[in-house]
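See structure below.
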Amino acid sequence: MALTPDDVVTKQFQHVRFKDGFDPDEVDDFLDEIVIEWRKALEENAELKAKLAAYESGEKAPAAAETPAPAPVAAPAPTPEPSSGAAPAGIIELAQRLHDEHVAEGKSQRDQLIADAKAQAAKILADAEAQQREQTARLERERNVLESRITELHDFERSYRSQLRSYIENQLRDLDSQSGPSGSSDSPVSQAGR
């Protein structure tokens, strides 16, 4: 199917999300300029074909029967001849080149965004792993301190119990020695209590 200026005018492109692109108004304005120049070139081409056909029919009647009739202006764009079709071909070539450049730039930007996102993800992951190692080491140090403190408290408890037991046993011995078999001091207290 031949590309016509109307095809350029009515072409719709989908919007791309999350990516930088070109200003749609600027692209539309540029395409409008291309369409105007293209239409001028098509009209000029049709006029030249009509003049050529008139010239051939007036000068060379037998040769005119062999040549095809000129294409109407509303028909799809005829195959451009080297001399008169250079402008439309150049415009199409320019449009294709611009399209290719935009696509290449879009791919480059996409690749750059992906590379940046991967680098950022790797940095976030590395930071998280470093923070996790730091937290683990800190918690390990705290655990060691707490275990050491617990051991100290167990040792203190054992020592305290031992000292308390010794003290109580000494007090009981002292009490027993004071109230022994000759314990005359107990009898008045016991008698007074009756």
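In this structure, Leu94 CG and Leu98 CG are separated by 4.5 Å, a value rounded to the nearest 0.5 Å. The CH2 atom of Trp38 lies 10.5 Å from the CG atom of Leu31; values are rounded to the nearest 0.5 Å. Of the inter-residue distances, the one linking Leu153 atom CG with Arg158 atom CZ reads 11.0 Å to the nearest 0.5 angstrom. With values rounded to the nearest 0.5 angstrom, Leu48 atom CG is found 5.5 Å from Glu44 atom CD. Summarising the geometry, atom CD belonging to Glu140 is positioned 9.0 Å from atom OG1 belonging to Thr136; distances are rounded to the nearest 0.5 Å. How far CZ of Arg161 is from CD1 of Ile168: 11.0 Å, rounded to the nearest 0.5 Å.
Heavy atoms of other residues, nucleotides or ligands lying less than 6.0 angstrom from CD of Gln171 number more than 12. Few gaps surround CD on Glu147; more than 12 heavy atoms of other groups in view lie less than 6.0 Å from it. Within 6.0 Å of the CZ atom in Arg149, the count of heavy atoms belonging to other residues, nucleotides or ligands does not exceed 12.
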Apply side-chain contact (heavy atoms from CB on, under 4.5 Å) to residues Asn144 and Arg141 and explain how you reach the verdict. CA-CA 5 Å; Asn144 290 339; Arg141 285 191 303 271; 5.6 Å; no
Evaluate side chain to side chain donor-acceptor pair (under 3.5 Å) for Asp116 paired with Gln112, printing each intermediate quantity in order. CA-CA 6 Å; Asp116 290 348; Gln112 184 62 43; 2.8 Å; yes
Would you check, one step at a time, whether the test side-chain contact (heavy atoms from CB on, under 4.5 Å) holds for Glu152 with Ser148? CA-CA 6 Å; Glu152 288 175 10; Ser148 172; 3.8 Å; yes
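Legend: salt bridge (charged side-chain N to carboxylate O under 4.0 Å, His left out) pairs involving residues 89-101, not counting sequence neighbours, sorted by first then second residue: Arg97-Glu101. Residue pairs meeting the ring-ring contact (aromatic ring centres under 6.0 Å, His included) criterion with at least one partner in residues 110-134, sequence neighbours excluded, do not occur; the list is empty.
Using a 4.0 Å cut-off between charged nitrogen and carboxylate oxygen, Glu142 and Arg138 count as a salt-bridge pair. Using a 4.0 Å cut-off between a side-chain N of Lys or Arg and a carboxylate O of Asp or Glu, Glu37 and Lys40 qualify as a salt bridge. Ion pairing between Lys123 and Asp127 holds under the 4.0 Å rule for side-chain N and carboxylate O. Between Lys51 and Glu47 no salt bridge is recorded (no basic side-chain N to carboxylate O distance below 4.0 Å).
Linking ILVMFWY side-chain heavy atoms closer than 4.5 Å, directly or via other members, places Val9 and Ile36 in two distinct hydrophobic clusters. Residues Tyr167 and Leu175 do not share a hydrophobic cluster, clusters being chains of Ile/Leu/Val/Met/Phe/Trp/Tyr side chains in contact below 4.5 Å. When the side chains of ILVMFWY residues are joined at heavy-atom separations under 4.5 Å, either directly or via intervening members, Val103 and Val27 end up in two distinct hydrophobic clusters.
A donor-acceptor pair is defined here as one N or O able to donate and one able to accept, closer than 3.5 Å; such a pair exists between the side chain of Ser57 and the backbone of Ala53. Between the side chain of Ser166 and the backbone N or O of Gln163 there is no donor-acceptor pair closer than 3.5 Å.
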